[in-house]
Amino acid sequence: MIGYITVPKSVAKEMIDNYPGDRVPVLSYNIETHIHKPTERKSKRRTKEIIDIAKEVGFQKNDIFDVLGCMTWENEIRSILLPKLLE
């Protein structure tokens with residue numbers, strides 16, 4: 001596991017392009033109300049739009065998921081989950 005690091009938006013988009021399949025799981029959390037929205041599976045195109053509007057994109061490598069964290073202007077954190085495939 002590596003700690004949370006900031007990555008360029010171009011690198012984050014490349015990671016999404018390299019992810020197999022057409023849809024990517026996205027979690028949303030409002031930092032003011034502390035409310036989580038249900039997990040959604042969004043298209044790669046829509047996921048890249050989330051990255052475009054983010055103030056900052058971070059990356060964290062975990063055992064099960066690679067996570068792209070996007071802080072948006074609406075005081076929301078959106079976590080784009082890239083599950084690791086079993087080998």
Side-chain angles (χ1 to χ4, degrees):
M1 182 173 117
I2 64 169
Y4 190 83
I5 59 170
T6 302
V7 296
K9 292 180 179 184
S10 60
V11 171
K13 289 179 183 181
E14 185 178 325
M15 292 174 75
I16 290 170
D17 284 335
N18 292 335
Y19 181 74
D22 298 332
R23 299 204 166 279
V24 180
V26 178
L27 306 171
S28 297
Y29 174 75
N30 187 303
I31 59 175
E32 290 180 350
T33 62
H34 305 287
I35 295 176
H36 291 266
K37 293 181 183 175
T39 302
E40 298 178 302
R41 293 188 57 81
K42 296 189 181 278
S43 68
K44 287 183 175 183
R45 181 187 59 80
R46 179 65 185 119
T47 307
K48 289 180 193 175
E49 290 172 3
I50 292 170
I51 290 171
D52 283 335
I53 63 171
K55 289 190 272 187
E56 179 180 291
V57 179
F59 174 73
Q60 185 174 20
K61 187 175 193 77
N62 295 319
D63 293 336
I64 299 171
F65 294 102
D66 289 341
V67 181
L68 292 168
C70 301
M71 179 67 173
T72 65
W73 294 103
E74 299 93 25
N75 290 322
E76 258 190 11
I77 297 174
R78 296 197 183 164
S79 296
I80 300 167
L81 305 177
L82 304 173
K84 295 183 181 178
L85 304 175
L86 298 175
E87 297 177 353

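Every value quoted in this text rests on a predicted model; they were computed, and no experiment measured them.
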Given the rule that I, L, V, M, F, W and Y join up when any side-chain heavy atoms are under 4.5 Å apart, are Val7 and Leu82 in one cluster?
-> yes
Heavy atoms of Leu68 and Ala12 approach each other most closely as CD1-O, 3.8 Å
Going hydrophobic residue to hydrophobic residue with side-chain gaps under 4.5 angstrom, can you get from Ile51 over to Met71?
-> no
Same cluster (ILVMFWY, side-chain, under 4.5 Å), Ile64 and Leu81 = yes
In plain terms, say whether Lys84 and Asp63 are close enough for a salt bridge, that is, a side-chain N and a carboxylate O under 4.0 Å apart.
-> no
Residue pairs meeting side chain to side chain donor-acceptor pair (under 3.5 Å), one or both in residues 14-27, sequence neighbours left out, come to Asp17-Lys48
Which heavy-atom pair separates Tyr4 from Gly69 by the least distance, and what is that distance?
-> OH-O, 3.4 Å
Same cluster or not: are Val57 and Ile5 linked, directly or through other Ile, Leu, Val, Met, Phe, Trp or Tyr residues, by side-chain heavy atoms under 4.5 angstrom apart?
-> yes
Taken to the nearest 0.5 Å, the spacing of Cys70 SG from Glu56 CD works out to 10.0 Å
Scanning both residues in full, the closest heavy-atom pair of Pro25 with Arg41 reads CG-NH1, 3.4 Å
Scanning both residues in full, the closest heavy-atom pair of Ala54 with Lys9 reads O-NZ, 2.8 Å
Given the rule that I, L, V, M, F, W and Y join up when any side-chain heavy atoms are under 4.5 Å apart, are Met15 and Val24 in one cluster?
-> yes
Could you tell me whether the side chain of Asn30 and the main chain of Glu32 form a donor-acceptor pair under 3.5 Å?
-> yes
Side-chain heavy-atom pair His34, Tyr29 within 4.5 angstrom cut-off = yes
Could Lys42 and Glu49 be called an ion pair, given the rule that one side-chain N must be under 4.0 Å from one carboxylate O?
-> no
Gap between atom CD1 of Ile31 and atom CD of Glu76 - 0.5 Å precision | 9.5 Å
One should read off an interatomic distance between Thr47 OG1 and Glu40 CD, to the nearest 0.5 angstrom, of 10.0 Å
